[in-house]
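A short worksheet on the structure shown next.
One-based numbering along the sequence shown. The basis for the numbers below is simple: all heavy atoms, side chains too, and nothing from hydrogens, waters or symmetry mates. All of these numbers come straight from a predicted model, not from anything done at the bench.
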Amino acid sequence: MTAVNPDAAPARTHPSDVLPEDRLLWEFWLNHGLVADALRERLDALPLGANGAYLAGNALYGGFERKLLDALSSSAGLDPAVLAAVAEALAPPAAKVTLEDPEGRLLALLALWPPPGGDLARRAREEAVRVSRWWDFARAAGRTNLLAAVATGIASAGIEEALPAPVLRFLQGAAEGIRRRNERLLPFVEKVTRELSGAGIRHCLLKESALLREIYPEPRERLVGDVDLLMPPEEIERTEAVLRALDHRPFVGIWSSTWYRSHHHHVAPLVNRDAATKVEPHIGIWIPGESVISIADEILATSRPHRGFEAGRPDATMLCFHLLADLHGGASAGKLGQAADLMRLLRAEGREVDMGRLTALADRTGCRPYIEDSVAMIARVFGRELLDERAPGLVKSLGEGRGGEISRRLRRRVEVACVFGFEPQGSLVSFATVKQVHRSLMRPGGDLTRAWDLVLRLLGLRHGEKGAGEIARISRGGAPRRFLRLLGFPFRAAARA
């Protein structure tokens, strides 16, 4: 890696857009940085004064900070100020952030969007005095997709002077990049939903997409990522035709289109690489556990018109259920940002959540233990008193489940430990290992079934090539390579210790 001048000025925000930055990031989000020619093209197209803080924040969220830093370091024509800004956030040694740390407690408070002058802002000011590891705090904000919330919360709590200038500059620069991306992306969401409605395709927005322009009314408030849409299965082909007309094509680098249709709750995502946009047409939602029940028709039937787009939006109960269930999807990567989405929803619509219907949904779909664990974790992170205030009866109905099988207790520990995101420099194991452990703990069955699944995963015998796309095959390597990595694990752990 080339040397970085620590005294170089930070990269200034590009005056009009972050599209060149998004195009570069897309090579990592989609292709894992493995398509050399495309990556080089995007690096060469980065403008003078590209938003380095925005690049670094995305890399932390996606877990590809080392790949990004190496790619930027190898680019001969790159603006040195951009590399300096990225390295400032990504290169220093880092430690893990937890709920027991003032850094973790402050991040949880700012994730709640504390209004100026309120109790949350007061508590944030008190906690900020105790924080000493500000870069660890900032990296955790990036890993949990909370940079926009944190930058806003710092201002509303009036704690700017508590932060070192470089950390504050990083947070504000990343938040500015998010605002500029959203100003470009929100009209795209508007166009997609308008075209689908014009074609007579019944659909509704899901998860974070459903919160835009309602729960998050301003472009600066939350990063617009994938556009998640739900529609009846019989409308998928027409939906894909609409998206193809908008210059989007299926991305099959990870899984084939056939695999998506036979194994997944959404079809192959459709992407436009030049616009850095991605749409995922769903025919159902992911529900943890052993459920084979689809509630897609129920979501569509109970949805209401979205107030910001020509689309439906799940009602408060259904959206609450989906966010609670989805806290377990990829939880090894950190879910504080999605937990904050839920708390923001409950602040606005918590009293509209029908606790009886929510409990019945959890029971009927067979995922009640997971919903209970989600509620318990949110109460632990944000405080039961606040959760009771925003959603009366939620903890009493679904948040007091305890115990369970050994694997369930281990899964809860992994999810709580990773709630602020996985910090590789603060762990004895790699993120890939933690992810495999969590996937085994999520597998239907009992303790023995999950233990055996973990053995197979660690031996590299759970990665079938059937249906895998080219990027997935390159990333995984062959079974011999995975087995050799397993044999080398004790040495890598010793080196991290």
> Partners of F28 by ring-ring contact (aromatic ring centres under 6.0 Å, His included), sequence neighbours excluded?
Replying inline: F64
Are [X] and [Y] ion-paired here, with the side-chain N under 4.0 Å from a carboxylate O?
{"X": "E176", "Y": "R179", "answer": "yes"}
{"X": "E298", "Y": "R364", "answer": "yes"}
{"X": "E372", "Y": "R408", "answer": "yes"}
{"X": "E349", "Y": "R313", "answer": "yes"}
{"X": "K335", "Y": "E415", "answer": "no"}
{"X": "R169", "Y": "E88", "answer": "yes"}
{"X": "D70", "Y": "K67", "answer": "no"}
{"X": "E405", "Y": "R450", "answer": "yes"}
{"X": "D101", "Y": "R105", "answer": "no"}
{"X": "D354", "Y": "R357", "answer": "no"}
{"X": "R409", "Y": "D373", "answer": "no"}

>> I'd like to know whether S303 forms a side chain to side chain contact (heavy atoms under 4.5 Å, CB included) with M318, so could you lay out the CA-CA distance, the side-chain angles of the two residues, the decisive distance to 0.1 Å, and finally the verdict.
In response: CA-CA 8 Å; S303 65; M318 202 58 92; over 6 Å; no
>> Before you tell me yes or no, could you show the steps for L358 and L394 under side chain to side chain contact (heavy atoms under 4.5 Å, CB included), namely the whole-Å CA-CA distance, both residues' side-chain angles and the distance that decides it to 0.1 Å?
In response: CA-CA 9 Å; L358 183 65; L394 179 59; 3.6 Å; yes
Quick check for you: to the nearest 0.5 Å, what is the distance between [X] atom [atom1] and [Y] atom [atom2]?
{"X": "L346", "Y": "M343", "atom1": "CG", "atom2": "CE", "result": "6.5 Å"}
{"X": "H322", "Y": "L327", "atom1": "NE2", "atom2": "CG", "result": "10.5 Å"}
{"X": "E208", "Y": "D326", "atom1": "CD", "atom2": "CG", "result": "7.0 Å"}
{"X": "R123", "Y": "L112", "atom1": "CZ", "atom2": "CG", "result": "8.0 Å"}

Identify the heavy atoms of [X] and [Y] that sit nearest to each other, and give their distance.
{"X": "L147", "Y": "A175", "result": "O-CB, 4.2 Å"}
{"X": "A89", "Y": "R139", "result": "O-NH1, 3.2 Å"}
{"X": "I371", "Y": "A325", "result": "CD1-N, 3.7 Å"}
{"X": "R368", "Y": "S397", "result": "NH2-O, 3.2 Å"}
{"X": "I295", "Y": "L361", "result": "CD1-CD2, 4.2 Å"}
{"X": "F382", "Y": "A111", "result": "CE2-CB, 4.3 Å"}

> Do T152 and R220 have a side chain donor and acceptor closer than 3.5 Å?
Replying inline: yes
>> Tell me whether the rings of F137 and W134 are parallel (<30°), tilted (30 to 60°) or perpendicular (>60°).
In response: perpendicular
> Aromatic rings H266 and H282: how do their planes relate, parallel, tilted or perpendicular, breaks at 30° and 60°?
Replying inline: tilted
Is [X] reaching over with its side chain to a backbone N or O of [Y], donor-acceptor style, under 3.5 angstrom?
{"X": "N51", "Y": "G173", "value": "yes"}
{"X": "N182", "Y": "V224", "value": "yes"}
{"X": "E103", "Y": "V131", "value": "no"}

>> Set out, in order, the CA-CA distance, both residues' side-chain angles and the distance that settles side chain to side chain donor-acceptor pair (under 3.5 Å) for S407 and D447, then state yes or no.
In response: CA-CA 6 Å; S407 53; D447 289 339; 2.6 Å; yes
>> Tell me which one of V271, V189, L229, D228 satisfies side chain to side chain contact (heavy atoms under 4.5 Å, CB included) with V279.
In response: L229
> Would E280 and K278 count as a salt bridge (Lys or Arg N to Asp or Glu O under 4.0 Å) if you check the C-alpha gap in whole Å, the side-chain angles of each, and the deciding distance to 0.1 Å?
Replying inline: CA-CA 7 Å; E280 292 190 347; K278 178 180 170 188; 3.5 Å; yes
>> Taking side chain to side chain contact (heavy atoms under 4.5 Å, CB included) as the definition, give me every residue that meets it alongside P217, ordered by chain and number, with sequence neighbours left out.
In response: E221, R344
>> Please evaluate residues R439 and R443 with respect to the criterion side chain to side chain contact (heavy atoms under 4.5 Å, CB included), reporting the C-alpha separation (whole Å), side-chain torsions for both, the decisive distance (0.1 Å), and the verdict.
In response: CA-CA 6 Å; R439 285 178 174 173; R443 185 174 174 80; over 6 Å; no
> Is the CD1 atom of I406 crowded by more than 12 outside heavy atoms at less than 6.0 Å?
Replying inline: no
> Going through the checks in order, is the side chain to side chain contact (heavy atoms under 4.5 Å, CB included) test met by D315 and E352?
Replying inline: CA-CA 9 Å; D315 66 13; E352 298 176 29; over 6 Å; no
